[in-house]
Amino acid sequence: MCSRAKALRSEGITPARPDIAQRPSQLNRAPDLRTTPSAIPLIGASANRIMAEKIDIEASKNEDFNKLKLSDLNARLKQVHKGGGEKRIAKQHEQGKMTARERIDALLDPKSPRIEIGAFAADGMYKEHGGCPSAGVVVVIGYVSKRQCIVVANDATVKAGAWFPMTGKKNLRAQEIAIENRLPIIYLVDSAGVYLPMQDEIFPDKEHFGRIFRNNAVMSSMGITQIAAVMGSCVAGGAYLPIMSDEALIVEKTGSIFLAGSYLVKAAIGEDIDNETLGGATTHSEISGVTDYKCKDDADCLKKIRAIVDKLGKPKDAGFNREKPAPPKADPKELHGIIPIERAKPYDMREVIARLVDDSDFTEYKEGFGQSILTAYARIDGWAVGIVANQRKVVKSKKGEMQFGGVIYSDSADKATRFIANCNQKNIPLVFLQDVTGFMVGSRSEHGGIIKDGAKLVNAVSNSVVPKFTVIVGNSYGAGNYAMCGKAYDPRLIVGWPSAQVAVMGGDQAAKVLLQIEVAALKGRGEEITKEREEEILGKIRARYEEAMSPYYAAARLWLDAIIDPLETRTWISMGIEAASQAPATREFNMGVLQT
């Protein structure tokens, strides 16, 4: 058994076999015998059988490779879910407290769907400080008393829930989602406040700690429900968060709120007082009136939150079209066999779409024009969507031009721009499927106006008022990332499959450019560079650059909300549209001035 198969079996995954009959629908297409690599002409059933076997073996290899990536994803998630580790979890339990994830599990409706935002936030960062798994905070969109909400829970097993720079960024992302979608937001507070060794990177700037409280005020003015439960420490500036929420709960003996703790009070004014008397549940529920509900323990607190949410009025309706959901007719599990091992290898993005949309049914817009981008109307879990996807097959235009897969040309940019405008006209949410290497370059493209055509597409994406959702299937390079609704273009949610890569350009091109720069610098210092030395430098540069292209690198910095199993894509898009449906557009679609 090969090492790859052994690794799969160790994870409980059965590797794909060449004799599996059901494979992507290319199997049903007759081969072009003119391109069959054989000295003897093959005809009829024999040719079809050999070609089908070849495709089947390739799909099996793809599936094994992608399932290994999925196995790695699951292993990483399992580690992240441990937070600060078993010892700190046990200590939390000894204090009579649930962990952040246990609190969320108890709060959400049993067996209801959920999606986690930023599980890999800060992954691999802050190593000199001992790391900060999930940035020390867990963020989940789920259902509380049948109402979709976003829950933000400090993880006190990670540095006592202290705020690192990425903790602030992740909290702001949660609030951004709540604001864009008018989702009720629930804070489960258990934090020691700003992580002092890095205070200069989290305290003073516009997108730092203070922005949280500014957003509290803005959401309140917008009528977005905010509920805060103080289930542990809530100190210094952080003490404002629960009090700026609509309703605040506090747990007896474990919850505490104060601007300065007992030690600081003693040092500052000489007063000798314990933390419970200073800012415990009884103090704030019966003396100061800061909190609204006193709870005997975590379970009681979470039960009260569910009761409060149960009484909320109905949300507004954005009017998106939804019918009875239907699963894809094409097997979604075949997605693992479609995405190729080699990143530059062509494949048909229609095969991916067929495994994501209801009944595998979609209606292509301008099917024969601008073929390097696919545009189509479909349904995902019953929701009407407009899909904009990079076609990875090499295609030939009616003008006779061969077009590379994954590259945006003038005609495809024009088509996508018009399609985005149509979806805004019809109030249809947009789904972008990215596997893009960028815009076409060269004199032919420049003379044809690729810059202005690309600008029109960027303009349409930027000014779209219907909700946008982005899935990075494979490559996401350079300006292609922008035009296909990368993070900078306000997708309501953006996720990547384990096969995703995000960078300004592909690894090989970037490594060679960086090599030239480094070699020139070394020669400038009088060093002689041999061929062997050049290869050594290239290898180091490539390894460093490829690490930065990884989806985990992107997710650690919240360029991606999550890395997901392709089979979870429909759930993410459906829950995202459901959230967006609570927030009707507040402005008209207007692309502004276009260079025609």
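For Arg214, there are no side-chain hydrogen bond (donor to acceptor under 3.5 Å, both in side chains) partners two or more places apart in sequence or in a different chain. Applying the side-chain hydrogen bond (donor to acceptor under 3.5 Å, both in side chains) test to Asp200 and every residue at least two apart in sequence or in another chain returns nothing.
Interatomic distance, CG of Leu312 versus OG1 of Thr225, reported as 4.5 Å (0.5 Å rounding). Between Asp190 atom CG and Ser256 atom OG the span is 9.0 Å, to the nearest 0.5 Å.
A salt bridge links Lys304 to Asp300: at least one charged side-chain nitrogen sits closer than 4.0 Å to a carboxylate oxygen. Between Glu578 and Arg322, no side-chain nitrogen of the basic residue sits less than 4.0 Å from a carboxylate oxygen of the acidic one, so the salt-bridge criterion is not met. A salt bridge is defined here as a Lys NZ or Arg NE, NH1 or NH2 lying under 4.0 Å from an Asp or Glu carboxylate O, and Arg570 with Asp358 meets this definition. A salt bridge does not link Asp297 to Lys253: none of the charged side-chain nitrogens sits closer than 4.0 Å to a carboxylate oxygen.
Atom CZ of Phe203 has 12 or fewer heavy atoms from other residues, nucleotides or ligands within 6.0 Å. Open room surrounds CZ on Arg88; 12 or fewer heavy atoms of other groups in view lie less than 6.0 Å from it. The environment of Lys311 atom NZ is dense: over 12 non-hydrogen atoms of other residues, nucleotides or ligands sit within 6.0 angstrom. In the displayed structure, Glu176 atom CD is contacted under 6.0 Å by more than 12 heavy atoms of other residues, nucleotides or ligands. Within 6.0 Å of atom CD in Glu128, more than 12 heavy atoms from other residues, nucleotides or ligands are found, so the atom counts as buried in its surroundings.
With 3.5 Å as the limit, one finds no donor-acceptor pair spanning the side chains of Ser262 and Asp274. Under the 3.5 Å distance criterion, with hydrogens and angles disregarded, a donor-acceptor pair is assigned to the side chains of Ser476 and Gln434. Side-chain contact of Asn321 with Arg379: a donor-acceptor pair under 3.5 Å is present, judged by distance alone. With 3.5 Å as the limit, one finds a donor-acceptor pair spanning the side chains of Tyr187 and Gln226.
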Checklist entry - Under the side chain to side chain contact (heavy atoms under 4.5 Å, CB included) criterion, do Val352 and Leu335 qualify, and how do the steps go? => result CA-CA 6 Å; Val352 173; Leu335 287 168; 3.9 Å; yes

Checklist entry - Between Asp72 and Arg76, does a salt bridge (Lys or Arg N to Asp or Glu O under 4.0 Å) hold up when you go through it step by step? => result CA-CA 6 Å; Asp72 180 50; Arg76 288 170 180 256; 3.0 Å; yes

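Across Asp246, Leu188, Leu249, a single residue satisfies side chain to side chain contact (heavy atoms under 4.5 Å, CB included) together with Ile227, and that is Leu249. For the side chain to side chain contact (heavy atoms under 4.5 Å, CB included) criterion with Arg103, the lone passing option out of Asp298, Leu108, Asn154 is Asp298. With Pro165 as reference, Glu201 is the one residue of Gln199, Glu207, Glu201, His208 to meet the side chain to side chain contact (heavy atoms under 4.5 Å, CB included) rule.
Taking the six-membered ring where tryptophan is involved, the planes of His129 and Tyr195 are perpendicular, since the angle between them exceeds 60° and thus also 30°. Ring orientation note: the planes of Phe209 and Trp163 are nearly perpendicular, at an angle over 60° on the 30°/60° scale.
The backbone N or O of Gly313 sits less than 3.5 Å from a side-chain atom of Arg147, completing a donor-acceptor pair. In this structure, Asp109 contributes its side chain and Ser145 its backbone to a donor-acceptor pair below 3.5 Å.
Residues in residues 86-119 take part in no ring pair (Phe, Tyr, Trp, His ring centres under 6.0 Å) pair, two or more places apart or across chains.
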